[in-house]
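Start at 1 with the first residue, then count along the sequence.
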Amino acid sequence: MLTAVARALEIRSRHGIEGVASEDEVDRAVAGAGFDLREDRPYEDRLYGRFFRGTVCVKRGLWPELRRVVKAHELGHGVLGHDTGYYLQPALGGEVPRGAAEIQAQIFAWTLLVGEPAPSADGLTAQMHAAHEAGVSLPFLCTAVSILAQLHDPVRGRPLRALC
């Protein structure tokens with residue numbers, strides 16, 4: 001998971017992203033990574049986006065809060081070198097994603113949109129509230145916090161970043 005956080009932080013730094021990333025900043029990050037962006041895909045059901053052959057593809061008609069998350073998530077697949085293909089987005093609806101690639105893309109998206117994950121549950125909660133106030137999709141934020149919290153070992157008191 002360290003790679004997902006590090007790559008997202010590198011992109012935030014390269015593009016001067018401070019605070020919660022706007023959709024325009026995510027669009028610039030996609031272009032800066034050398035990927036094309038297509039926001040008009042006629043996907044059905046719960047397929048909201050995919051990364052395929054150097055292109056971040058987004059389902060047409062998504063509301064802005066979700067579209068921003070889908071772009072960040074699919075960018076994560078691209079910069080993390082995941083195999084191209086279809087990626088269902090159950091995590092955007094509040095379910096925990098299955099598979100390492102999906103979890104890594106969620107952590108990448110969190111870091112790109114919100115910043116480095118806070119090392120405590122209280123810190124993550126504060127980040128989540130700030131991101132929600134800035135218009136980031138609440139189901140995505142709750143799912144990402146669930147994933148990040150599972151990486152934290154409260155018994156031993158290890159911070160999240162030591163486990164990512």
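The structure places CD of Glu10 at 11.0 Å from OG1 of Thr3, a figure rounded to the nearest 0.5 Å. To the nearest 0.5 Å, the span separating CD on Glu74 from NE2 on His82 amounts to 11.0 Å. We find the CG-CG distance between Leu141 and Leu148 to be 10.5 Å, quoted to the nearest 0.5 Å. Put simply, CG on Asp36 and SG on Cys57 are 9.0 Å apart, with the number rounded to the nearest 0.5 Å. Rounding to the nearest 0.5 angstrom, the gap separating the CG atom in Leu62 from the OH atom in Tyr43 is 11.0 Å. A distance of 8.5 Å separates OG1 in Thr111 from CZ in Arg12, rounded to the nearest 0.5 Å.
No side-chain heavy atom of Tyr48 sits less than 4.5 Å from a side-chain heavy atom of Val69.
Contact between Ala130 and Val20 at its shortest, heavy atoms only, is O-CG2, 4.1 Å. Residue Val26 comes nearest to Ala72 through the heavy atom pair CG1-N, 3.9 Å, listed as atom of the first residue, atom of the second, then distance. Here the closest heavy-atom approach between residue Ala4 and residue Phe108 is recorded as O-CD1, 3.5 Å. When all heavy atoms are compared, the tightest approach of Ala131 to Val114 is CB-CG2, 3.7 Å. Across every non-hydrogen atom of Ala29 and Leu75, the tightest pair is CB-CD2, 3.9 Å.
Looking only at distances, no side-chain donor or acceptor of Ser13 sits under 3.5 Å from a matching main-chain atom of Leu9. One N or O on the side chain of Gln127 and one on the backbone of Glu116 form a donor-acceptor pair closer than 3.5 Å.
Gln104 and His77 share no side-chain donor-acceptor pair at under 3.5 Å.
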Quiz prompt | Working for side-chain contact (heavy atoms from CB on, under 4.5 Å), residues Val145 and Thr125 | solution = CA-CA 8 Å; Val145 164; Thr125 300; 5.6 Å; no
Quiz item: Taking it one step at a time, do Cys142 and Met128 satisfy side-chain contact (heavy atoms from CB on, under 4.5 Å)?
Solution: CA-CA 8 Å; Cys142 291; Met128 181 178 77; 4.1 Å; yes
Quiz item: Hey, mind stepping through Ile147 and Trp110 against side-chain contact (heavy atoms from CB on, under 4.5 Å) and telling me if it holds?
Solution: CA-CA 10 Å; Ile147 293 166; Trp110 169 280; over 6 Å; no
Quiz item: Going through the checks in order, is the side-chain contact (heavy atoms from CB on, under 4.5 Å) test met by Val58 and Arg41?
Solution: CA-CA 6 Å; Val58 180; Arg41 308 295 29 168; 5.9 Å; no
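Under the ring-ring contact (aromatic ring centres under 6.0 Å, His included) criterion, no residue pair touches residues 12-31, with sequence neighbours excluded.
With His73 as reference, Gln106 is the one residue of Arg50, Arg68, Gln106 to meet the side-chain hydrogen bond (donor to acceptor under 3.5 Å, both in side chains) rule.
Taking the six-membered ring where the residue is Trp, Phe35 and Phe51 present perpendicular rings, their angle passing 60° and hence far from 30°.
Using a cutoff of 4.0 Å between basic side-chain nitrogens and carboxylate oxygens, Lys71 and Glu39 are scored as salt-bridged.
At most 12 heavy atoms of other shown residues, nucleotides or ligands fall within 6.0 angstrom of atom CZ in Arg38.
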